[in-house]
Amino acid sequence: MLSPQIITKRAAFTNGLVGAVAMVLFFIVAKFAVGSGILTPMETFTDWVAPRLPMTAFESSISTFGGFAKVLLDIGVTVGILGLGGLIGLAYHRFQRGGPAYSTTSDTLILTSLLSVFGLLIFLPITGRGFFGSSTDIGPLWASLYYIAGFALYSVVLVTGYNLSQSTGTQYNAGRRRLLRTVFYGGGAAVAVIAVGSVFGQIKSSATVTNIKKKASGLPARFTPNSKFYKVSKNLVDPRVNPGSWKLTVAGGVRKQLSLTLPELKSMPSIHQDQTLECISNPVGGNLISNARWKGVRLSNLLNEAGVQDGAVDIKLTATDGYTDSIPLKKGMERNVILAYEMNGEPVPAEHGGPVRLLVPNIYGMKNVKWITRIEPVAQDFKGYWETQGWSDTAVIKTMSQIRAPHDGTTLKVNEQVDVSGIAFAGSRRIRKVEWSPDYGQTWQEAQLLEEIGPLCWRFWKASWTPTGKGTASLLVRATDGTGTLQTASSVPTLPDGASGYDGVTVSVE
Ligand SMILES: Nc1nc2c(c(=O)[nH]1)N[C@H]1C(S)=C(S)[C@@H](COP(=O)(O)O)O[C@H]1N2
Ligand SMILES: [Mo]
């Protein structure tokens with residue numbers, strides 16, 4: 001009955017691989033087309049596996065490579081899925097004993113069902129998204145449809161492609177088959193090229209990581225334009241949340257659950273707040289710090305309206321991209337913790353967490369949750385996305401200062417006066433004093449502080465220097481915060497609770 005081994009193993013593997021490429025593309029393209037809180041299975045897997053990797057391996061995730069390790073992980077997972085797709089092709093080949101499928105329809109249905117059972121009843125619950133994706137942002141119905149559609153596409157390509165790769169048959173059949181094969185793969189390739197193109201366009205426009213080391217020469221703008229504001233996120237591709245369907249839920253340990261649309265949030269009393277954000281993975285002298293004027297609603301207003309139940313200690317925060325974090329309840333009740341919907345007079349841009357993000361002064365950027373959708377008082381200390389990877393849970397901003405001019409490596413002229421200037425920041429503790437040293441810390445001079453931009457903002461400083469001797473000189477800077485505490489000289493890396501040590505530049509004098 002069966003003509004044995006008329007389809008090669010290689011063809012079977014290739015068909016599985018091609019099917020997996022189509023499926024992966026579908027997952028990514030559908031995510032963009034819908035434009036909201038869909039997490040691809042690849043992201044779901046990396047988010048689940050990343051906290052389980054050895055911490056040192058993952059530390060590089062945002063500090064050393066500026067997100068590159070995360071990108072590598074995403075790519076690795078995708079390659080793994082493609083390989084798995086090929087292996088399933090081989091298994092199918094074995095199951096058919098190398099012969100063609102009798103019924104492509106029933107084979108496709110069976111394969112789709114098997115994969116869907118795995119996806120919806122094993123993969124999603126294990127990765128913490130619930131049976132059928134019941135705890136995803138899009139809910140079980142859409143999550144199930146999304147997965148089933150991807151698996152169906154894979155199965156169609158695998159089974160149909162498999163049957164088309166037969167090498168025997170009548171002359172007529174062989175010619176027809178070749179034509180079909182060409183149309184099938186050619187059409188698939190065209191779709192794939194268009195899809196990849198559009199996805200890369202999207203990725204480029206939503207590139208999520210700022211170059212850490214690049215340091216501008218001279219003082220930055222007092223308020224960083226939105227387009228220049230530093231960007232950090234865990235995502236290879238950031239979510240695009242539709243402001244029209246966005247909702248904020250206040251639930252968990254509250255007496256009355258709240259659900260607010262964007263217009264409802266905007267109709268509440270709001271405040272303007274000038275606030276600097278800094279990433280906990282900003283190295284000494286690094287670029288992951290920016291300042292903006294924000295507008296939003298006090299978190300305490302919402303918590304008071306919902307009525308926090310006794311026994312709550314933390315506020316758990318959840319975002320569209322599956323990111324979670326927490327702040328102590330006490331912190332959340334402070335008047336300057338706000339849900340911001342405006343940044344420098346514009347709606348908060350998508351890459352900075354629009355339509356709504358949280359702002360938590362005096363705490364590193366990680367707790368300033370973007371694309372926030374859920375706020376829940378909880379009775380135990382909740383550890384969020386970065387905390388489970390070893391980063392600080394309190395994440396209080398350390399006092400920092402930087403020299404922004406002269407630029408490192410500049411050549412200066414002896415006996416000619418130059419401006420020395422830079423920034424200093426100590427969260428809500430403010431800056432009391434900045435000192436700089438022309439001789440690598442042997443002597444210190446007080447710098448002039450420029451007018452304070454705001455009590456939660458970075459502070460600019462400047463000084464003049466006339467180098468008197470030729471050779472190289474190393475300049476250092478250090479700040480004292482509003483409590484009178486001098487910035488620590490001890491140099492530590494960003495992991496686990498933020499970098500410390502003095503920033504400096506080396507110049508040559510001729
Ligand atoms: N939902 C979500 N919020 C997030 C993140 C994220 O990956 N997902 N990254 C955090 C980190 S580590 C930082 S430093 C800030 C950066 O905010 P920005 O990109 O607007 O500068 O967002 C924080 N909020
Ligand atoms: Mo961060």
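Read the numbers this way: they start at 1 and go in the same order the structure lists the ligands and their atoms. For clarity, every value in this text was computed on a predicted model and none was experimentally measured.
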Item to check | For L248 against L302, the heavy-atom pair lying closest together | outcome: CD2-CD1, 3.7 Å
Checklist entry - Just which atoms of ligand 1 are under 4.0 Å from any heavy atom in N368? => result 22 (O), 23 (C), 24 (N)
Item to check | Residue K231 vicinity, atoms of ligand 1 by number, heavy atom under 4.0 Å | outcome: 19 (O)
Next on the checklist: Please work out, at 4.0 Å between heavy atoms, whether the side chain, the backbone, both, or neither of I372 comes within that distance of ligand 1.
Outcome noted: neither
Checklist entry - Can an N or O of K234 be found at a distance shorter than 3.5 Å from an N or O of ligand 1? => result yes
Next on the checklist: At under 4.0 Å between heavy atoms, is it the side chain or the backbone of A319 that contacts ligand 1, or both, or neither?
Outcome noted: side chain
Checklist entry - Is a side-chain donor-acceptor pair under 3.5 Å present for Y364 with W391? => result no
Checklist outcome for this item: Filtering H352, M366, K370 for the heavy atom nearest atom 19 (O) of ligand 1 leaves K370
Checklist entry - Is it the side chain, the backbone, both or neither of Y230 that has a heavy atom closer than 4.0 Å to ligand 1? => result both
Next on the checklist: Could you go through E334 and V360, starting from their C-alpha distance and side-chain angles, then the distance that decides it, and tell me whether this counts as side chain to side chain contact (heavy atoms under 4.5 Å, CB included)?
Outcome noted: CA-CA 9 Å; E334 285 176 12; V360 192; over 6 Å; no
Item to check | K295 to Y341, cation-pi by 6.0 Å centre distance and 45° axis angle | outcome: no
Checklist outcome for this item: Contact region, D321 to ligand 1, non-hydrogen atoms below 4.0 Å, reads side chain
Item to check | Polar contact flag for V232 and ligand 1 (N/O pairs, less than 3.5 Å) | outcome: yes
Checklist entry - What atoms of ligand 1 come within less than 4.0 Å of a heavy atom belonging to C279? => result 14 (S)
Next on the checklist: Regarding K383 and D381, does a basic nitrogen lie under 4.0 Å from an acidic carboxylate oxygen?
Outcome noted: yes
Checklist entry - Can K31 and E43 be counted as an ion pair, charged N to O under 4.0 angstrom? => result yes
Checklist entry - Of the backbone atoms (N, CA, C, O) and the side-chain heavy atoms from C-beta on, which set of F229 has a member under 4.0 Å from an atom of ligand 1: side chain, backbone, both, or neither? => result side chain
Next on the checklist: Checking contacts here: is it the side chain or the backbone of E278 that comes within 4.0 Å of ligand 1, counting heavy atoms only? Could be both or neither.
Outcome noted: neither
Item to check | Validation row, ring centre Y502 to ring centre W444 under 6.0 Å | outcome: yes
Checklist entry - Does the gap between the ring centers of F132 and Y147 come in under 6.0 Å? => result no
Item to check | Stepwise side chain to side chain contact (heavy atoms under 4.5 Å, CB included) test for K316 and D314 | outcome: CA-CA 6 Å; K316 179 182 167 191; D314 253 11; over 6 Å; no
Checklist outcome for this item: At under 4.0 Å between heavy atoms, what of W386 touches ligand 1? The answer is side chain
